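Okay, so here's the structure we're looking at.
This one's a predicted model, so the numbers in the text were calculated from it and none came from an experiment.
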Amino acid sequence: QVQLVESGGGLVQAGGSLRLSCVASGRTFSDYPMAWFRQAPGKEREFVSAISWSGSRLYYSDSVKGRFTISRDNAKNTVYLQMNSLKPEDTAVYYCAAGRWRTLATITGQYDYWGQGTQVTVSS
């Protein structure tokens, strides 16, 4: 069974930075894409960023492009999301997700495993 454990959320002022981490276990990490999604109160879960199994391909939503950076360390079974220039509209619960074998995607339905979520709150 795949398990994902996120950390790194918190409260930050607008313009600040946070780095989220997600440690995976339960299968060969380096064969699967990873992604970050977020969900604000009263809104649907939305795609933030994804990274291929090797780390060579990166996807970002338009709302975070240029501010967020996704990366992974396959030796540590960990995916990261570096978030800079944070805005109040980035406030949400951020979820780490593990995808299907060698299938990079940006929709929730293509991700089978999810972490418990970590709260990110950006104050104005």
Worked check of side chain to side chain donor-acceptor pair (under 3.5 Å) between Ser30 and Thr28: CA-CA 6 Å; Ser30 57; Thr28 304; over 6 Å; no

Could you go through the side-chain contact (heavy atoms from CB on, under 4.5 Å) check for Val93 and Thr118 one step at a time? CA-CA 5 Å; Val93 177; Thr118 185; 6.0 Å; no

With side-chain contact (heavy atoms from CB on, under 4.5 Å) as the test, would you mind laying out the steps for Leu20 and Val79 before giving the verdict? CA-CA 8 Å; Leu20 305 183; Val79 61; over 6 Å; no

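Taking the six-membered ring wherever Trp is involved, the centroid distance between the rings of Phe37 and Tyr95 does not fall below 6.0 Å.
Results of the side chain to side chain contact (heavy atoms under 4.5 Å, CB included) test with Trp36 over Val64, Ile51, Ile70 single out Ile70 as the only residue that passes.
Checking Ser56 against Ser54 by side-chain atom types alone, a donor-acceptor pair falls below 3.5 Å. There is no side-chain donor-acceptor pair under 3.5 Å between Thr91 and Glu89. There is a side-chain donor-acceptor pair under 3.5 Å between Asn84 and Ser17.
Looking at Ser71 and Arg19, their side chains never come closer than 4.5 Å, going by heavy atoms from C-beta outward. Leu18 is listed as a side-chain neighbour of Leu86, based on a closest heavy-atom distance under 4.5 Å. You'll find the side chain of Met83 stays beyond 4.5 Å of the side chain of Asp90, heavy atoms only. Within the 4.5 Å cutoff, the side chain of Trp114 has heavy atoms near those of the Arg45 side chain. Counting only heavy atoms from C-beta outward, the side chains of Tyr113 and Arg27 approach each other to under 4.5 Å. Contact annotation: the side chain of Val2 never approaches that of Tyr32 to less than 4.5 Å [non-hydrogen atoms, C-beta and beyond].
Enclosure of atom CD in Gln3 is not indicated, since only 12 or fewer non-hydrogen atoms of other residues, nucleotides or ligands lie within 6.0 angstrom.
Between Ala40 and Ala92, the shortest heavy-atom distance links the atoms N-CB, 3.8 Å. For the pair Ser124 and Ala14, the tightest heavy-atom approach, listed with the atom from each and the gap, is CA-CB, 4.4 Å.
Note that CD of Gln13 is 5.0 Å distant from OG of Ser123, once rounded to the nearest 0.5 Å. In this structure, the separation between CZ on Phe29 and CG on Leu4 is 8.5 Å, given to the nearest 0.5 Å. The line from OG of Ser63 to NZ of Lys87 is 8.5 Å long, rounded to the nearest 0.5 Å.
Under the 3.5 Å distance criterion, the side-chain polar atoms of Ser49 are matched with a main-chain donor or acceptor of Tyr59. In this structure, the side chain of Gln39 does not engage the main chain of Glu44 through any donor-acceptor pair within 3.5 Å. Distance alone, capped at 3.5 Å, places no donor-acceptor pair between the Arg57 side chain and the Trp53 backbone.
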Listed pairs under 3.5 Å, donor-acceptor, residues 99-110 side chains, sequence neighbours left out:
residue, atom, partner, partner atom, Å
Arg100, NE, Asp112, OD1, 3.2
Arg100, NE, Asp112, OD2, 3.1
Arg100, NH2, Gly109, O, 2.9
Arg100, NH2, Asp112, OD1, 3.1
Arg102, NH2, Asp31, OD1, 3.0
Thr103, OG1, Trp101, O, 3.0

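Residue pairs meeting the disulfide (SG to SG under 2.5 Å) criterion with at least one member in residues 4-110, sequence neighbours excluded, are Cys22-Cys96.
In this structure, Arg38 fails the cation-pi test against Phe47, since its NZ or CZ atom is not both closer than 6.0 Å to the six-membered ring centre and inside 45 degrees of the ring normal.
A continuous path of Ile, Leu, Val, Met, Phe, Trp and Tyr side chains, each step under 4.5 Å between heavy atoms, connects Val12 with Val48, placing both in one hydrophobic cluster.
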